[in-house]
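Just follow the structure's listing: the first ligand is 1, and inside any ligand the first atom is 1.
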Amino acid sequence: MSQHQHKRISILGATGSIGQSTLDLIRRNSINFSVVSLTAYSRVEELAALAIEFGAELAVIGDERLLPDLKAALAGTRTAVAAGEGGLIEAAERDAEIVMAAIVGAAGLRPTMAAVRRGATVALANKECLVCAGDLLMEEVKAHGATLLPVDSEHNAIFQVFDFERSCGVEKIILTASGGPFRGRSFESLSTVTPAEAVAHPNWDMGAKISVDSATMMNKGLEIIEAYHLFPIEKTQIEVLVHPQSVIHSMVEYADGSVLAQLGSPDMRTPIAYSLAWPERMHAPVKRLSLAEIGSLTFEAPDLEVFRCLKLAMDAMMAGGAAPAVLNAANEVAVEAFLANRLRFVDIPAIVSDTLTSCDIKAPQSLSNVFEIDKMARREAAQHLAKRAH
Ligand code: NDP
Ligand code: MG
């Protein structure tokens, strides 16, 4: 990026792992960026400190009960404050050129949609929104001339090597997966794993929810659905390959047998920097890839018997309709219960599977349909949870 380029940016989910990495890059490139809005859900002090440091125009706290605390923390500063879902939408609607959508879960859908509807460039980390409402979101992207830049490392990799002009030459996309902390384990041996063990990812430092999703491999399941919406391909053209070193971030195979890949150290600041600077490039302070140091890259097929969530997501993608939204909602409920020590790790796929079986719902036609499905699936999942919780 040249010194003369300047972009205004809003960060939804500023206090999270992706939010922090984004702000780290902005801090180092302050000449190129100014911050419009920052949001969080409950971490008021962190949000206020960031708003002051970056001179944000607006700071929004998702949990409305915390608005007085945020007001007090930002009294006398130039930052305006707001709260609740309305506030999150307002943050997305402010006139930033780039909106980093990094709220976790379906809670990010409405604010992300608000950014899309004003034709912004949306750097999309929040994969759950595409899983719940991919068709609707992509329709809105087209209708409003928004630009969607995938931040998720695999999709960012594919975005960098996918020939959008001649997509008929693409034979398949290969999403790589690290396999998470429990790669190679038997299903039975996972019955006693703790939240601390599940969130200890071997390669990536991420928020708690996505770390558990990586341990169950639901993350890769959500990502195949995400890829299906982001790229002009058929469901049958998406493959998952376990690659424990997380060096190849994903690949595209073409009709002539060529396979193009994007490689790098496992550090989210690379795909985030790509999205912030696009279509230019900017410096990111990540460890340079030394293949000589790494020595060897290995690959294996995913074990669908152990990582049942991946299979459930594949089936939900093939089924289409409301299934991906139900899958996502049930997974959010199950992961939250696991993190609160109320559910065993091995029961996460059981909750998702039971909820998919008991929710027989039609495909969503509108955003409010998506929220109805999400609500119903959460209610259903909570009932299945009550039977299995300890
Ligand atoms: P974190 O849990 O670290 O951060 C989540 C952010 O969202 C925080 O700012 C949090 O606020 C806010 N938030 C949480 N719940 C709500 C809510 N109900 N309403 C509004 N805001 C909320 O998550 P990550 O940064 O790890 O992940 C964010 C998204 O990016 C996820 O969808 C994830 O799948 C995706 N992603 C993340 C990657 C990573 O490396 N971390 C890689 C690829 C994708 P507070 O801090 O106050 O709780
Ligand atoms: Mg990913």
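- Looking at Ile18 next to ligand 1, an N or O pair under 3.5 Å apart turns up.
- In this model, a donor atom of one side chain and an acceptor atom of the other lie less than 3.5 Å apart for Gln245 and Thr298.
- Annotation: atom 2 (O) of ligand 1 to nearest protein heavy atom, Gly207 CA, 4.0 Å.
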Open item on the list: Could you go through His6 and Ser34, starting from their C-alpha distance and side-chain angles, then the distance that decides it, and tell me whether this counts as side chain to side chain donor-acceptor pair (under 3.5 Å)?
Closed with: CA-CA 8 Å; His6 191 86; Ser34 53; 3.0 Å; yes

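- Rounded to the nearest 0.5 angstrom, Ser10 OG and Leu38 CG are separated by 7.5 Å.
- Lys209 does not count as a contact of ligand 1, since none of its heavy atoms falls under 4.0 Å from the ligand.
- Among all non-hydrogen protein atoms, the one lying nearest atom 18 (N) of ligand 1 is Ala107 CB, 3.4 Å.
- Atom 46 (O) of ligand 1 has its nearest heavy-atom neighbour, among Arg43, Gln20, Arg110, in Arg43.
- In the vicinity of Gly13, heavy-atom distances shorter than 4.0 Å reach the ligand 1 atoms 6 (C), 7 (O), 9 (O).
- A side-chain N or O of Lys127 and one of Asn219 form a donor-acceptor pair less than 3.5 Å apart.
- Between Lys220 and Glu223 a salt bridge is recorded (basic side-chain N to carboxylate O distance below 4.0 Å).
- Among protein heavy atoms, the minimum distance from atom 35 (C) of ligand 1 is reached at Ala125 O, 3.1 Å.
- The nearest protein atom to atom 43 (C) of ligand 1, hydrogens excluded, is given as Asp152 OD1, 3.1 Å; this is a heavy-atom distance.
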Task: Audit row: Lys287, Asp267, salt bridge (charged side-chain N to carboxylate O under 4.0 Å, His left out) steps and yes/no - done: CA-CA 8 Å; Lys287 186 174 188 295; Asp267 187 324; over 6 Å; no

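- In the vicinity of Ala14, heavy-atom distances shorter than 4.0 Å reach the ligand 1 atoms 9 (O).
- Near Ala40, meaning under 4.0 Å from any of its heavy atoms, are these atoms of ligand 1: 11 (O), 47 (O).
- Close contacts of ligand 1 with Leu88, meaning ligand atoms under 4.0 Å from a residue heavy atom, involve 20 (C).
- Seen from the Mg ion (ligand 2), atom OD1 of Asp152 and atom OE2 of Glu223 lie 100° apart in angle, a value rounded to 10°.
- Applying the 6.0 Å contact sphere to CD of Glu171 captures more than 12 heavy atoms from other residues, nucleotides or ligands.
- Ligand 1 has an N or O atom lying under 3.5 Å from an N or O atom of Tyr41, backbone or side chain.
- The cationic group of Arg110 lies under 6.0 Å from the six-membered ring centre of Phe371 and within 45° of the ring axis, placing it in a cation-pi geometry.
- Here the protein heavy atom with the shortest distance to atom 14 (C) of ligand 1 is Val104 CG1, 3.7 Å.
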Open item on the list: Please evaluate residues Lys7 and Glu280 with respect to the criterion salt bridge (charged side-chain N to carboxylate O under 4.0 Å, His left out), reporting the C-alpha separation (whole Å), side-chain torsions for both, the decisive distance (0.1 Å), and the verdict.
Closed with: CA-CA 12 Å; Lys7 294 183 180 177; Glu280 311 277 317; over 6 Å; no

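- Polar contact check, Glu128 against ligand 1: a nitrogen or oxygen pair lies under 3.5 Å apart.
- Summarising the local packing, CG of Asp163 is surrounded by more than 12 heavy atoms from other residues, nucleotides or ligands at distances under 6.0 Å.
- Nearest protein heavy-atom neighbour of atom 6 (C) of ligand 1: Ala102 O, 3.7 Å.
- When the Mg ion (ligand 2) is compared with the N/O/S atoms of Glu154, atom OE1 turns out nearest.
- Under a 4.0 Å N-O distance rule, the pair Arg388/Asp354 qualifies as a salt bridge.
- The aromatic rings of Phe159 and Tyr274 sit perpendicular, their planes meeting at an angle over 60°, well past the 30° parallel limit.
- Among all non-hydrogen protein atoms, the one lying nearest atom 3 (O) of ligand 1 is Ser17 N, 2.9 Å.
- Using a 4.0 Å cut-off between charged nitrogen and carboxylate oxygen, Glu336 and Arg378 do not count as a salt-bridge pair.
- Proximity to Ser42 (heavy-atom distance under 4.0 Å) selects the following atoms of ligand 1: 45 (P), 47 (O), 48 (O).
- The shortest N or O to N or O distance between Ile210 and ligand 1 is not under 3.5 Å.
- The 12-atom threshold is exceeded at CZ of Arg288, counting heavy atoms of other residues, nucleotides or ligands nearer than 6.0 Å.
- Closest to atom 34 (O) of ligand 1, if we only count protein heavy atoms, is Lys127 CE, 3.3 Å.
- Checking only distances, Gly16 does come within under 3.5 Å of ligand 1, N or O to N or O.
- Of the N or O atoms in Thr15, one or more lie within a sub-3.5 Å distance of an N or O in ligand 1.
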